[in-house]
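Numbers restart at 1 for each chain; the letters A, B, ... are given by sequence-line order, proteins then strands. Predicted model only: the values in this text are computed from it and were never measured.
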2 protein chains.
Amino acid sequence: MILAQRAQPAPDELAAFLDEYLRRGDCLVQVVSECEVLYSGRAASVAEAGDYLVIVKQDGSVQVHGHRSVKPVNWQPHTDDLFVGVEDGVAVMRAERFNPEEMVRVAFLAPAMVQAFELRESGGFALMGSEAEMQRALARHPELIEPGLEVLHRELPTDVGGIDLFARDTDGALVVVELKRSKANQEAVHQLGRYVESVRRLGSERVRGILAAPAVTAPALNQLGTLGLEFREVSALPLDDAGDAQPSLFAPA
Amino acid sequence: MILAQRAQPAPDELAAFLDEYLRRGDCLVQVVSECEVLYSGRAASVAEAGDYLVIVKQDGSVQVHGHRSVKPVNWQPHTDDLFVGVEDGVAVMRAERFNPEEMVRVAFLAPAMVQAFELRESGGFALMGSEAEMQRALARHPELIEPGLEVLHRELPTDVGGIDLFARDTDGALVVVELKRSKANQEAVHQLGRYVESVRRLGSERVRGILAAPAVTAPALNQLGTLGLEFREVSALPLDDAGDAQPSLFAPA
DNA sequence: ACATGAATATTGGAT
DNA sequence: ATCCAATTTTCATGT
């Protein structure tokens with residue numbers, strides 16, 4: 001799994017190592033070093049000399065990690081070209097891409113370690129509790145929102161975006177349902193408001209708006225009241241009912 | 001900078017290593033290993049056995065990287081508690097936090113390498129081209145939006161959010177300006193529309209709405225027309241004018 | 001290629 | 001602690 005490693009490589013040694021293993025395109029390379037980092041593209045940034053962990057993956061993505069936080073200090077999602085060289089006695093890597101046009105340049109001022117790994121393509125990954133899943137579950141069990149609710153459409157397109165769930169209640173009124181997998185805020189309320197307005201413009205039927213989420217912020221709840229809309233508490237991670245043959249994450253094997 | 005390293009550690013050796021260096025709280029620890037990863041909290045996920053690079057930083061943040069993409073497969077922004085142990089002959093790390101309550105559990109099935117680094121807190125970092133910077137520049141030079149425009153407020157709070165720039169034009173009309181540092185989409189148009197509506201409700205003055213961005217999507221431009229709002233092309237990375245003593249990123253030292 | 005919208009978004013700032 | 005809005009958001013998806 002570990003292909004190669006050098007401790008405290010000289011600049012030309014580091015450059016050669018990077019060149020060799022990045023060119024292969026089938027491994028992950030990382031460098032621990034004091035670095036200077038320049039970025040220019042959608043924005044521009046400079047990171048003065050400091051210790052960083054630099055990771056270059058097979059897809060050419062580059063990330064420069066500092067001592068804290070999940071998010072890298074500098075990064076590039078995917079690069080079209082990688083250049084490695086020695087400038088003024090310092091190993092330098094430049095990662096470029098074209099769309100959008102941007103560039104990250106890392107100068108390895110004092111490399112402590114460089115390594116190349118082979119990470120085999122990994123296996124299955126399953127995520128539970130996405131909004132898409134929540135939408136499927138509620139389309140199947142609309143009574144979790146309101147007894148007697150009948151779902152007419154999912155992702156119904158309007159001129160201002162797609163309506164998550166479009167339904168009819170037992171009184172015959174149309175119901176626009178906006179889903180959020182986590183606590184809903186004012187943005188979600190306005191989104192719902194837009195959809196309701198849009199549907200009302202189309203016809204003369206009575207139209208209700210329901211925000212379905214596990215929770216709602218106080219200002220958002222206020223706003224709902226002002227706009228004559230409703231909130232319904234719905235969990236994003238529903239207990240799977242016996243009728244469904246869905247595997248449970250924590251079910252015993 | 002490199003504190004310690006073990007190749008192909010046995011489970012108890014890996015657990016001891018992790019325990020020792022994670023407890024210190026002043027270093028970055030990483031493991032290259034075949035892993036199984038469980039996450040449970042805001043959502044839930046399972047990653048089946050595969051090769052991953054696991055990074056634990058000083059702040060307790062955990063990230064599990066696969067062979068591609070900047071974004072980790074699993075992660076945790078900050079953990080309150082880290083537990084390390086050996087279960088069924090396999091080294092296991094569990095990272096928990098309380099707000100929100102969530103947990104990541106990594107089982108190191110076949111560890112190839114574990115390392116501990118000391119990354120000193122890094123120095124200066126400067127980002128140019130943020131929306132905040134754009135806002136300052138345009139507040140100072142509103143003529144870049146429209147000749148004769150007079151800025152009354154920045155970040156003016158309304159009941160539906162903060163207005164980026166609030167101004168008056170040469171005809172005496174109020175102007176709501178929404179800024180985007182990159183190409184503006186329908187979402188931005190709706191945001192602007194909300195602010196304009198809110199201001200109109202407050203008084204009887206004529207109110208214009210301007211979306212200022214380096215570019216705009218075709219549907220968004222359409223929407224602007226429908227709502228009677230305007231678009232103005234403004235760069236997020238303005239050429240610094242001679243009057244400003246702002247340092248240029250690429251100026252020679 | 002472009003536009004849209006979700007995300008375990010993360011992160012920083014204001015209240 | 002809560003809430004809001006920016007982000008070099010990234011990323012997957014649909015058109």
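A donor-acceptor pair is defined here as one N or O able to donate and one able to accept, closer than 3.5 Å; such a pair exists between the side chain of A:S130 and the backbone of A:E133.
Taking 4.0 angstrom as the limit, B:K180 places a side-chain polar atom (N or O) nearer than this to OP1 or OP2 of D:dA6. For B:W75 and C:dT8, the shortest distance from a side-chain N or O to OP1 or OP2 is not below 4.0 Å. Note on B:R181: a side-chain N or O is less than 4.0 Å away from OP1 or OP2 of D:dT9. Proximity of A:Q186 to the phosphate of D:dC4: a side-chain N or O atom is located under 4.0 Å from OP1 or OP2.
Applying the salt bridge (charged side-chain N to carboxylate O under 4.0 Å, His left out) test to every pair with at least one member in residues 214-233 of chain A, sequence neighbours left out, gives these pairs: A:R208-A:E230. Sorted by first and then second residue, the salt bridge (charged side-chain N to carboxylate O under 4.0 Å, His left out) pairs involving residues 30-45 of chain A (not counting sequence neighbours) are A:R42-A:E102.
In terms of heavy-atom proximity, B:P72 sits nearest to B:Q63 at CG-CB, 3.8 Å. The heavy-atom pair separating B:L119 from A:H65 by the smallest distance is CD1-O, 4.1 Å.
Closest to the side chain of B:S130, from the set C:dA6, D:dT8, D:dT7, is D:dT7.
Applying the side chain to side chain contact (heavy atoms under 4.5 Å, CB included) rule to B:E155 yields the partners B:Q135, B:D164; only residues at least two apart in sequence or on another chain are considered. For B:L152, the side chain to side chain contact (heavy atoms under 4.5 Å, CB included) partners at least two apart in sequence or on another chain are B:E150, B:F166, B:R168, B:L174.
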Atom pairs under 3.5 Å, N or O on each side, protein against nucleotides 11-14 of chain D: can you list them with distances?
residue, atom, partner, partner atom, Å
D:dC11, OP1, B:S69, OG, 2.6
D:dC11, OP1, B:V70, N, 2.9
D:dC11, OP1, B:K71, N, 3.1
D:dA12, OP1, B:R68, NH2, 3.1

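In this structure, B:Q76 places its CD atom 15 Å from C1' of C:dA7, rounding to the nearest Å. Following rounding to the nearest Å, A:L127 (CG) and C:dA9 (P) show an atom-to-atom distance of 10 Å. Atom-to-atom, CG of A:L156 to P of C:dT4 comes out at 18 Å; the value is rounded to the nearest Å. The CZ atom of B:R97 sits 13 Å away from the P atom of D:dA1 (whole-angstrom rounding). B:M128 places its CE atom 14 Å from the P atom of D:dT7, with the value rounded to the nearest Å. Atom CD1 of A:I163 and atom C1' of C:dG5 are 15 Å apart (whole Å). B:N99 places its CG atom 15 Å from the C1' atom of C:dT10, with the value rounded to the nearest Å. Taking atom OH on B:Y195 and atom P on D:dC4, their separation rounds to 11 Å, with Å as the unit.
Nucleic acid contact class of B:E102 (heavy atoms, under 4.0 Å, all strands): base.
A heavy-atom distance below 4.0 Å to DNA chain C is reached by these residues of residues 216-233 of chain B, ordered by number: B:T217, B:A218, B:P219.
Look at the P atom in both C:dT8 and C:dT4: the space between them is 22 Å, to the nearest Å.
In this model, a donor atom of one side chain and an acceptor atom of the other lie less than 3.5 Å apart for B:H190 and A:R194. A donor-acceptor contact closer than 3.5 angstrom is absent between the side chains of B:S69 and A:D59.
Looking at which nucleotide of DNA chain C each of B:N74 and A:V160 is closest to, the 5′-most match is held by A:V160. Closest-nucleotide positions on DNA chain D for A:E187 and A:V73 were compared, and the one nearer the 5' end corresponds to A:E187. Between B:A43 and A:G161, the residue anchored nearer the 5' end of DNA chain C, judged by the nucleotide with its closest heavy atom, is A:G161.
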- Item | Derivation and outcome, side-chain contact (heavy atoms from CB on, under 4.5 Å), residues B:M93 and B:F108 | CA-CA 8 Å; B:M93 180 179 79; B:F108 301 101; 3.9 Å; yes

